[in-house]
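Remarks on the structure that follows.
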Amino acid sequence: MVYIGFGECDEDAHNGKYDDYLQHLNEADKMIQQLWYYIQSTPEYKDQSTLIITTDHGRGKKKNKWTEHDVMVKGFGDTWIAIIGPDTMPKGEIQLPQQLYQRQIASTISTLLGENFVANHPVAKAIDFSETH
């Protein structure tokens, strides 16, 4: 398991540097693309690795609040998650009414690794990748 954090985007947003924010997002996208290419072109990792890509928080939904993310900013809790790997069905953007939580990521990783992780949070069960979702 590898964890990679991209702090530049967050710092740029806090400083109101929209051009730098977009530039660092673009660089992060390219790095993720290169990482996936490396994984799929390396026999030891090909079709045996999963990428889980998400954010630790959302941003304000109003134009004048995009630099912030605290409980007083509407939209700070809205994030997204992308998962790609051999254990996940390629479904594109899923638009079913559902609620997923960041606290589900640990149990999802454990499930993908074939381990049994039990958390003391009621919504911390692994994300279901079955075809019915």
Problem - Check: Ile4 and Leu35 side chains under 4.5 Å, non-hydrogen atoms - result: yes
Handout entry: Hphob cluster co-occupancy, Phe117 + Ile52, side-chain heavy atoms under 4.5 angstrom
Key = no
Problem - Hphob cluster co-occupancy, Trp36 + Trp80, side-chain heavy atoms under 4.5 angstrom - result: yes
Handout entry: Within-4.5 Å side-chain heavy-atom neighbours: Ile127 and Ile81
Key = yes
Fill in the blank from the handout: Between the CD1 atom in Ile39 and the CD atom in Gln34, the distance rounded to the nearest 0.5 Å is 12.0 Å
Exercise for the section: May I ask you to test the Phe6-Met31 pair for a side-chain heavy-atom distance under 4.5 Å? Expected result: yes
Practice task
Could you tell me whether the side chain of Ile83 reaches within less than 4.5 Å of the side chain of Thr54, counting heavy atoms only?
Solution key: no
Handout entry: Gap separating the CG atom of Leu100 from the NZ atom of Lys125, nearest 0.5 angstrom
Key = 8.5 Å
Exercise for the section: Decide yes or no on side chain to side chain contact (heavy atoms under 4.5 Å, CB included) for Asp29 and Gln33, but give the supporting numbers first. Expected result: CA-CA 6 Å; Asp29 282 348; Gln33 176 190 18; over 6 Å; no
Practice task
Grab the two heavy atoms, one from Thr50 and one from Pro86, that are nearest each other, plus how far apart they are.
Solution key: OG1-CD, 3.7 Å
Problem - Full working for side chain to side chain contact (heavy atoms under 4.5 Å, CB included) between Asp20 and Glu8 - result: CA-CA 9 Å; Asp20 290 344; Glu8 295 90 357; over 6 Å; no
Handout entry: Spacing of Gln23 atom CD and Cys9 atom SG [to the nearest 0.5 Å]
Key = 10.0 Å
Practice task
Measure the CD1-OG distance between Ile105 and Ser110 for me, rounded to the nearest 0.5 Å.
Solution key: 12.0 Å
Problem - Separation of Ser49 OG from Leu112 CG (nearest 0.5 Å) - result: 11.0 Å
Handout entry: Expected output: side-chain Asn15 to main-chain Glu11 donor-acceptor under 3.5 Å
Key = yes
Exercise for the section: Indicate yes or no: at least one non-hydrogen side-chain atom of Thr67 is less than 4.5 angstrom from one of His14. Expected result: no
Exercise for the section: Verify the cluster assignment for Ile53 and Tyr101: are they in a single hydrophobic cluster under the rule of side-chain heavy atoms below 4.5 Å apart? Expected result: no
Handout entry: Closest non-hydrogen atom pair, Ala126 against Thr111
Key = CB-OG1, 3.3 Å
Handout entry: Common cluster, Val2/Leu51, ILVMFWY with side-chain heavy-atom separation under 4.5 Å
Key = yes
